[in-house]
Amino acid sequence: MDNKGSPQKGSLLLLLLLVTNLFLCKSVASLPICPSGAVNCQVSLRELFDRAVILSHYIHNLSAEMFNEFDKRYAQGRGFITKAINSCHTSSLSTPEDKEQAQQIHVHPGIKENEVYSVWSGLPSLQMADEDTRLFAFYNLLHCLRRDSHKIDNYLKLLKCRIVYDSNC
């Protein structure tokens with residue numbers, strides 16, 4: 001399967017839809033990149049990274065807030081955390097464990113041929129009649145969103161450091 005139809009793209013689309021929903025729920029309006037009526041508006045790479053980092057951090061905070069609220073209201077005493085620890089469908093993606101490992105990655109690692117990406121398979125669980133199954137599916141989805149948004153936030157900050165500040169931060 002080519003990259004255009006890869007399961008990873010579907011996962012990213014789901015994440016994008018969830019993030020979009022977060023913005024709509026919080027009535028967050030984005031700021032225009034250029035003033036109204038501006039012609040040939042140019043924004044520096046640093047400004048773009050600044051905005052991306054701010055949004056990424058905000059998205060992570062919202063996903064953490066959603067997870068914590070769900071955990072407090074629906075998951076207390078159910079032992080979901082022990083089942084959710086390594087059950088994110090994105091866990092199979094090779095990502096560095098810490099900042100030091102992340103700094104060893106090339107900025108343009110290239111496409112890995114024949115790499116298989118897992119697909120989120122939680123939708124049927126969200127539709128089950130059993131309440132514990134449904135609650136765990138939501139818990140796991142929010143747990144993974146929080147985990148992945150944290151990774152994205154950190155990697156985006158690292159990328160900004162590398163590109164904008166030539167790794168001098």
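The 12-atom threshold is exceeded at CG of Asp132, counting heavy atoms of other residues, nucleotides or ligands nearer than 6.0 Å.
The main-chain N or O of Leu145 is found under 3.5 Å from a side-chain atom of Ser149 such that the two form a donor-acceptor pair.
Scanning for side-chain contact (heavy atoms from CB on, under 4.5 Å) contacts around Leu135 gives Phe70, Tyr74, Arg78, Phe80, Glu131, with sequence neighbours left out. Not counting sequence neighbours, the partners of Cys88 by the side-chain contact (heavy atoms from CB on, under 4.5 Å) test are Thr90, Ser91, His143, Cys144, Arg147.
In terms of heavy-atom proximity, Ala137 sits nearest to Gly122 at CB-O, 4.3 Å. Here the closest heavy-atom approach between residue Gln76 and residue Lys72 is recorded as CG-O, 3.4 Å. Listed here is the closest heavy atom pair of Leu142 and Met66: CD2-CE, 3.6 Å.
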Side chain to side chain contact (heavy atoms under 4.5 Å, CB included) evaluation trace for Leu156 with His57: CA-CA 9 Å; Leu156 188 56; His57 189 72; over 6 Å; no

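The shortest distance between side-chain heavy atoms of Arg146 and Asn68 falls below 4.5 Å.
Placement of Met128 and Tyr139 in two distinct hydrophobic clusters is found when ILVMFWY residues are connected by side-chain heavy-atom separations under 4.5 Å, directly or transitively. Linking ILVMFWY residues whenever their side-chain heavy atoms come closer than 4.5 Å, directly or via other members, places Leu141 and Leu123 in the same cluster. Grouping the Ile, Leu, Val, Met, Phe, Trp and Tyr side chains by contacts below 4.5 angstrom, directly or via other members, places Tyr165 with Leu159. Both Val53 and Ile163 are members of a single hydrophobic cluster when ILVMFWY side chains are connected at heavy-atom separations under 4.5 Å.
Partner of Asp153 under the side chain to side chain donor-acceptor pair (under 3.5 Å) criterion, chosen from Lys157, His150, Lys151: Lys157.
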